[in-house]
Novice: 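The structure under discussion is supplied below as structure tokens; questions concerning it will follow.
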Protein chains: 2
Amino acid sequence: MAVSERGPRERMVFSAAQLIRRDGVTATGLRDVAAHAGAPRGSLGHYFPGGKEQLVNEAVAWAGRYAAKRVDRFLAEMSEPSPSRLFAAMVRQWTDEFETVGFTSGCPVVAATVDWADSTESTRAAAADAFAGWSRPVARALTGMGVPAERAEPLATLMISALEGAILIARAERDVRALTTVARELAPLLDGAVIRRT
Amino acid sequence: MAVSERGPRERMVFSAAQLIRRDGVTATGLRDVAAHAGAPRGSLGHYFPGGKEQLVNEAVAWAGRYAAKRVDRFLAEMSEPSPSRLFAAMVRQWTDEFETVGFTSGCPVVAATVDWADSTESTRAAAADAFAGWSRPVARALTGMGVPAERAEPLATLMISALEGAILIARAERDVRALTTVARELAPLLDGAVIRRT
DNA sequence: GCTCTACTATGACGGCTGTCATAATCGACG
DNA sequence: CGTCGATTATGACAGCCGTCATAGTAGAGC
């Protein structure tokens, strides 16, 4: 095992995340996922014996890990890190996508929460894990920049909340205005939380 | 006409909004809406000749008007208005619902955006209108409290973004933590935008 | 070469969807 | 009383859904 070079299973999870974040969980059919992944429909039952529920949960988990990795990458690429610059990078990822690809897709974790949080417990838990796994590196980054430990987690929650909300508004308005606005307005508050720093 | 005492038509729009904010747009069937409203299924085609699309759009518009009215009511009930207190009231509406009714339902406008923003143009536009109609009274309230005109609208966008995002996280976590956090963390920034005031 | 496992392929199944056509029913108005 | 419009009732329709059963095809290990 181990070195499977991007197998059909992984492709299906990835495709599921892409379709879910565009059309929602309910509107995304398993046949669509297989077709989008270029994978045989008959493999779905094999790789995901738990059915659609398992596939959706894995897609949500994948999205959470992806978001967390992006935070680490933003941090590594930053020459002079600051909370506002980290938030700006997180926001810019979305303004870039909206302006180049279009406003067709949002966040898969949000879609899963909206569509299945009340009906499918395991998916609700997967979404909660995704948010937690995304928030953790953000909070860690903030403490690394000099934000007191007790404020890092609340500020990370605020950042993710504002970002997710702005993504929704931007999608509805087909305008990145909400995203650039929250980045600008939140900047002084975020940088003001830094205590020590040369 | 005019004095129709909460007719079946209005009840169906209301029921649609309730079901949509719990299960999402796609998972909400027209038969469910009629049953929830205690209305005859055969009436759907009569009152909404535009089909499900029309019903969903009216439900979204209704939700937008409702949110706007709530802002005005919060303002009227406030003895010493301040931006942070207005935001706290908006957040408290949701913490109250989550703690009493449970975490079953979110915001219908968000559900419509997630499920149909990319596939149904009219619904996307209805969601944008709902956000705009909700943002307007918030911005107006801020200027009334002494926030400079050019900052009122951006701050209103930030408030609604953070609120919507926190609602999503709270639903996923089944915990109001995210909501109380954004209310607390955003308070000094909001009140700091007030210029003149006795 | 055989075997056994992993994967693929295909179609059927019941159930649900939104939409529409047709009728029956009601209620007011002339 | 009769009529006509608005509302309700019911069922049919094609289409999609997730799931499952069955069968076919590789491909590695011995």
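Heavy atoms only: backbone and side chains are in, while hydrogens, waters and symmetry mates are out. Everything numeric in this text was worked out from a predicted model, so none of it was measured.
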Novice: Should V91(A) and I167(A) be counted in the same cluster of Ile, Leu, Val, Met, Phe, Trp and Tyr side chains packed under 4.5 Å apart?
Specialist: yes
Novice: Hey, where on DNA chain D does chain A first and last touch, going 5' to 3'? Cut-off is any atom under 4.0 Å from a heavy atom.
Specialist: dC17(D) to dT19(D)
Novice: Any non-hydrogen side-chain atom of W134(A) less than 4.5 Å from a side-chain atom of L163(A)?
Specialist: yes
Novice: CD/E99(A) to CG/L179(A) distance, rounded to the nearest 0.5 angstrom?
Specialist: 9.5 Å
Novice: What's T28(A) touching, base or sugar-phosphate or nothing? Going by heavy atoms closer than 4.0 Å.
Specialist: sugar-phosphate
Novice: Just jot down the side-chain hydrogen bond (donor to acceptor under 3.5 Å, both in side chains) partners of S119(A), sequence neighbours excluded, or say none.
Specialist: none
Novice: Mind calculating the distance between CG (L44(B)) and P (dT19(C)) to the nearest angstrom?
Specialist: 10 Å
Novice: Output one letter per nucleotide in nucleotides 3-11 of chain C: B when a protein non-hydrogen atom lies under 4.0 Å from the base, S when only the sugar-phosphate is that close, - when neither is.
Specialist: ----BBBBB
Novice: Working to the nearest 0.5 angstrom, can you tell me the gap between K52(A) NZ and T123(A) OG1?
Specialist: 10.0 Å
Novice: Tell me, do I20(B) and D115(B) make a side-chain contact under 4.5 Å, heavy atoms counted?
Specialist: no
Novice: If I take atom CG from residue L86(A) and atom CG from residue L190(A), how far apart are they, to the nearest 0.5 angstrom?
Specialist: 8.5 Å
Novice: Anything under 30° is parallel, anything over 60° is perpendicular, the rest tilted; go ahead and classify F103(B) against F98(B).
Specialist: parallel
